[in-house]
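Just below is one structure, and these are the notes that go with it.
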Amino acid sequence: MTGRHLQSTGLMTVAAILVSSALNYAYTLLLGRVLDAEGYGAYASFTSLFMIAAALPVAFQQAQTRRSDGRLSRMGVTWGALAGALLLLGAVSLGPLLGVPAAWMVGFAVILPALVLLGAWRGAAQRDGRVSAFSGSLVAEHGLKIVLTIPLLQVMDGPAAAVAATLAGVLLALPLVRPAAPDTGPRIRTDAAVPPLALAAASQSALLYGDVLLGGMLLTAGDAGAYAAAATLARVVFFAGWAVQVAVFPLVARGDGAPGRLLGTALGGTLLLAGTPALLFTLWPQTCAALAFGTTVGAQVAALLPACALGTLLLTLGGTVVNHLLAGGNAATVGRSAALYAGSAAVLTGLAVALGTTPSALAVAALVGKGLLLPAAFLVLLSTVTRRPLYVLR
């Protein structure tokens with residue numbers, strides 16, 4: 001690919017992710033005005049569980065980006081079905097513990113194979129340069145979710161309607177990114193590619209979304225809803241930076257540029273895109289919270305927003321470094337990257353349990369746990385002296 005084509009492809013990918021993230025957050029914030037604190041907390045817990053389980057589609061997306069044969073999509077459906085079956089078995093017991101109705105978990109388990117397939121097909125679209133298909137599926141998933149919620153609210157309770165629309169958006173996005181023909185690219189060891197990537201993605205999701213699940217377990221329903229609102233609003237910081245990570249990943253994986261220059265560009269772009277909303281949330285938390293959730297809930301959210309925003313910014317910058325390692329490192333590096341996320345999540349969980357059952361204590365625990373990722377990621381980066389493709393052609 002030429003430098004100009006790489007630049008335009010990257011910009012189009014970033015733009016699509018930013019648009020889809022904007023739609024998703026507009027939807028999430030609108031729900032904060034429609035639902036009461038208890039209903040919003042339940043929906044936030046569901047979306048947190050959704051995103052942690054999304055480690056599987058992310059792993060298959062990244063594996064497809066690296067270049068694989070067509071078996072990977074079929075494997076994704078199988079893995080999704082197995083994960084869905086496990087979720088079905090634990091729906092009745094796990095749901096109440098997390099504050100998520102069992103019926104929602106059953107619905108999620110049913111569509112989980114389609115969600116994993118969606119990730120695999122998006123990875124194939126990135127790999128093959130089908131930017132319009134990749135972008136269209138992202139925007140459609142969140143845009144259709146918004147459209148569907150309006151009629152569903154007429155026949156279902158608010159949180160249930162939002163969950164149903166979220167699951168339907170996944171199914172409707174699938175046809176838009178389906179590969180036009182079977183993959184004819186070089187074959188690699190696809191059976192070995194997914195587990196380390198899935199572990200890394202799951203660990204990242206646990207660090208990013210685990211505090212909301214902990215809120216559902218440790219806090220009262222009202223406090224859990226307030227914390228979920230603050231954490232959700234602050235999460236726009238992450239997704240602004242995540243757009244850069246997704247755009248840079250295939251460039252690093254293909255070796256299309258100097259690694260150091262790509263990392264510097266990615267960190268600069270992350271700081272610009274993610275740092276801007278983080279700064280706004282820190283300087284004007286009352287205004288941002290009131291605009292998002294109204295004056296009634298906004299006062300509670302504003303007290304938590306600066307800590308949530310700063311922790312999310314540090315996590316996002318650390319995630320950019322880890323993303324670089326995942327794209328260009330060896331198998332051992334992928335394992336260390338997963339350990340970085342898992343270790344930070346463990347610190348967050350331990351502090352949350354130790355500091356007490358208040359929203360402010362949970363916010364401090366999340367700030368420390370998420371903030372640890374950045375220095376730890378740089379230590380791993382400096383200690384990594386080999387840079388090979390994760391798997392070789394055979």
*Heavy-atom side-chain proximity of W104 to L167 below 4.5 angstrom*: no
*Minimum heavy-atom distance L171-A114, with the two atoms named*: CD2-CB, 3.6 Å
_CA sep, side-chain torsions, deciding dist, call: Q204, Y209, side-chain contact (heavy atoms from CB on, under 4.5 Å)_ = CA-CA 9 Å; Q204 181 193 52; Y209 297 96; over 6 Å; no
*asked:* Check for me, please, whether V301 and W284 land in the same ILVMFWY cluster - side-chain distances under 4.5 Å, paths through other members count.
replied: no
*Measure across L148 and A168 and return the closest heavy-atom pair with its distance rounded to 0.1 Å.*
CD1-CB, 3.7 Å
_Aromatic contact between F60 and W79, with the criterion being ring centroids under 6.0 Å apart: yes or no?_
yes
*Minimum heavy-atom distance between A124 and R130, given as atom pair plus value*: C-NH2, 3.9 Å
*Spacing of L88 atom CG and L94 atom CG [to the nearest 0.5 Å]*: 12.0 Å
_Student check: side-chain heavy atoms of L138 and R122 closer than 4.5 Å_ = yes
*For F108 and F46, run side-chain contact (heavy atoms from CB on, under 4.5 Å): C-alpha distance rounded to whole Å, both residues' side-chain angles, the deciding distance at 0.1 Å, then the answer.*
CA-CA 9 Å; F108 181 38; F46 169 79; 4.0 Å; yes
*asked:* So L207 and L348, do their side chains get closer than 4.5 Å, heavy atoms only?
replied: yes
*Looking at residues at least two apart in the chain, or sitting in another chain, which of them share a ring pair (Phe, Tyr, Trp, His ring centres under 6.0 Å) with Y43?*
none
*Are I146 and L174 in one and the same hydrophobic cluster, where Ile, Leu, Val, Met, Phe, Trp and Tyr link if side-chain heavy atoms are under 4.5 Å apart?*
yes
*Joint cluster assignment, L49 & F239, ILVMFWY side-chain distance < 4.5 Å*: yes
_With P57, the side chain to side chain contact (heavy atoms under 4.5 Å, CB included) member among V116, L117, V170_ = V116
*CA sep, side-chain torsions, deciding dist, call: L118, E141, side-chain contact (heavy atoms from CB on, under 4.5 Å)*: CA-CA 10 Å; L118 180 62; E141 179 185 352; 4.0 Å; yes
*Hey, any chance V139 and F134 share a hydrophobic cluster, counting ILVMFWY side chains that come within less than 4.5 Å of each other, even indirectly?*
yes
*Please check if the side chain of D36 supplies one atom and the backbone of G39 the other of a donor-acceptor pair under 3.5 Å.*
yes
*Check the pair C308, Y227 against side-chain contact (heavy atoms from CB on, under 4.5 Å), reporting the backbone distance first and the verdict last.*
CA-CA 9 Å; C308 289; Y227 183 84; 4.1 Å; yes
*Please tell me if the side chains of Y27 and H142 come closer than 4.5 Å, counting only heavy atoms from C-beta onward.*
no
*asked:* Quick check: do K370 and T312 have side-chain heavy atoms less than 4.5 Å from each other?
replied: yes
*For residues T270 and T320, is any side-chain donor paired with an opposing acceptor at under 3.5 Å?*
yes
*CG/L310 to CG/L305 distance, rounded to the nearest 0.5 angstrom?*
11.0 Å
*Rounded distance (nearest 0.5 Å) linking atom OG of S135 with atom CG of L176*: 11.5 Å
_Minimum heavy-atom distance A231-V212, with the two atoms named_ = CB-CG2, 3.8 Å
*Is the side chain of T149 donor-acceptor paired with the backbone N or O of A162 at a distance under 3.5 Å, no angle test?*
no
*Contact summary for T276 and L272, nearest pair of heavy atoms*: OG1-O, 2.7 Å
*So, do P306 and F281 sit near enough that their side-chain heavy atoms are less than 4.5 Å apart?*
no
*When clusters are formed by joining ILVMFWY residues with side-chain heavy atoms under 4.5 Å apart, either directly or through shared neighbours, do F238 and M51 land in the same one?*
yes
*asked:* How close do S137 and A173 get, counting heavy atoms only, and between which atoms?
replied: O-CB, 3.5 Å
*Side chains of L314 and L373: does their closest heavy-atom pair fall under 4.5 Å?*
no
*Side chains of L23 and K145: closer than 4.5 Å at any heavy-atom pair?*
no
